[in-house]
Structure formats: C-alpha cells, structure tokens
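Bear in mind the structure is a predicted one, so any value in this text is a computation, not a measurement.
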Amino acid sequence: MVGRFATNDKWACGKLTLNADHTFHQEISKGCGANHVDINGKWSVDRHGGSVVTISLTPFLGRNPDTGEVESFGFSYFTVNRLKWGPVRIVIDPDAGTSYDKQ
C-alpha cells in the first residue's frame with residue numbers, strides 16, 4: 001500500500017502519499033485549481049478474508065455533500081481494489097467512480 005496515489009475528477013484533483021510508518025499526507029484542490037488544502041494523518045489496513053481489503057485514514061479530506069466544499073472528516077474507511085490488470089485503487093465513491101489510483 002505504501003506509495004503515491006492520485007485522483008482527478010470533475011469535482012477535485014488530489015494526491016495521497018502513504019508512508020511506510022503508517023502516516024500519510026493528502027492534498028486536494030476543488031475544481032483542480034491552484035489553491036489546495038492539505039492534511040497529515042495516520043492510515044491502517046484491515047483484511048476481511050482473502051480478497052476484501054479496507055483502508056482507514058484518520059483524518060481525511062473529502063467533499064462535504066451539502067456544500068460541495070473540501071472538508072476534513074475525523075476518519076474514513078474505503079475499499080481497496082487490487083486488480084491484476086489495473087492499478088491499486090482506493091475507492092472513495094463507487095457510484096461516482098471516484099478513486100485514488102496508485103501512481
């Protein structure tokens with residue numbers, strides 16, 4: 001899981017760096033503009049059987065559903081996809097197709 005991840009969708013662009021010491025740095029800019037918000041935190045991985053993996057990020061920057069603005073959430077859990085034919089993907093919103101893909 002250690003490494004750099006990126007997202008780029010119609011709402012925002014972002015970078016997520018997972019470090020080996022289980023710390024992370026996240027930066028996100030609404031509308032992929034020059035002004036970004038960043039945050040540091042801790043991450044952990046949980047395995048639920050053979051193929052289901054979730055990642056916990058504490059805290060996490062995301063989209064406030066009411067205002068559409070970048071907001072800091074106390075914690076978040078996301079599914080991790082490790083497909084043989086694609087990148088490692090941290091799925092943020094499966095309905096909207098939003099994810100962080102490993103670079």
Side-chain angles (χ1 to χ4, degrees):
M1 289 297 304
V2 172
R4 292 176 170 234
F5 294 76
T7 188
N8 185 346
D9 66 23
K10 62 184 175 186
W11 175 74
C13 294
K15 297 176 186 174
L16 176 66
T17 303
L18 301 179
N19 302 310
D21 66 355
H22 287 263
T23 61
F24 73 85
H25 178 79
Q26 180 191 15
E27 61 183 60
I28 194 164
S29 61
K30 181 181 173 187
C32 300
N35 296 330
H36 69 269
V37 179
D38 65 334
I39 199 165
N40 295 304
K42 300 230 177 232
W43 66 274
S44 63
V45 169
D46 294 314
R47 300 185 194 290
H48 309 279
S51 61
V52 178
V53 176
T54 58
I55 187 168
S56 170
L57 300 163
T58 307
F60 184 76
L61 295 173
R63 180 179 182 268
N64 179 312
D66 296 326
T67 66
E69 297 298 319
V70 175
E71 182 177 319
S72 176
F73 296 91
F75 65 92
S76 293
Y77 294 98
F78 302 109
T79 301
V80 177
N81 290 338
R82 294 179 178 221
L83 304 175
K84 291 180 182 180
W85 56 88
V88 174
R89 177 170 286 159
I90 299 171
V91 179
I92 306 301
D93 184 345
D95 295 331
T98 307
S99 64
Y100 276 91
D101 293 339
K102 191 161 189 182
Q103 303 297 289

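Of the charged side-chain nitrogens involved, none lies within less than 4.0 Å of a carboxylate oxygen, so that R63 and E71 do not count as a salt-bridged pair.
Counting heavy atoms from C-beta on, the side chains of V53 and D46 never come closer than 4.5 Å. The closest side-chain heavy-atom distance from D38 to H25 is below 4.5 Å. The shortest distance between side-chain heavy atoms of I90 and T79 does not fall below 4.5 Å. At a threshold of 4.5 Å between non-hydrogen side-chain atoms, the residues I55 and W43 count as touching. Side-chain contact between I28 and H36: absent, with no pair of heavy atoms (C-beta onward) separated by less than 4.5 Å. Contact annotation: the side chain of D101 never approaches that of F5 to less than 4.5 Å [non-hydrogen atoms, C-beta and beyond]. Side chains of F60 and Q26 form a contact here, defined as non-hydrogen atoms less than 4.5 Å apart. At a threshold of 4.5 Å between non-hydrogen side-chain atoms, the residues T7 and T98 count as touching.
F73 has its ring centre no less than 6.0 Å from the ring centre of F75. Checked against the 6.0 Å centroid criterion, the rings of F78 and Y100 do not qualify as a close aromatic pair.
Of all non-hydrogen atoms in G41 and P59, the two that sit nearest each other are CA-CD, 3.9 Å.
N19 and T17 are not linked by any side-chain donor-acceptor pair at a separation below 3.5 angstrom, with hydrogens and angles left out of the test.
In D21, the CG atom is crowded: over 12 heavy atoms of neighbouring residues, nucleotides or ligands sit closer than 6.0 Å.
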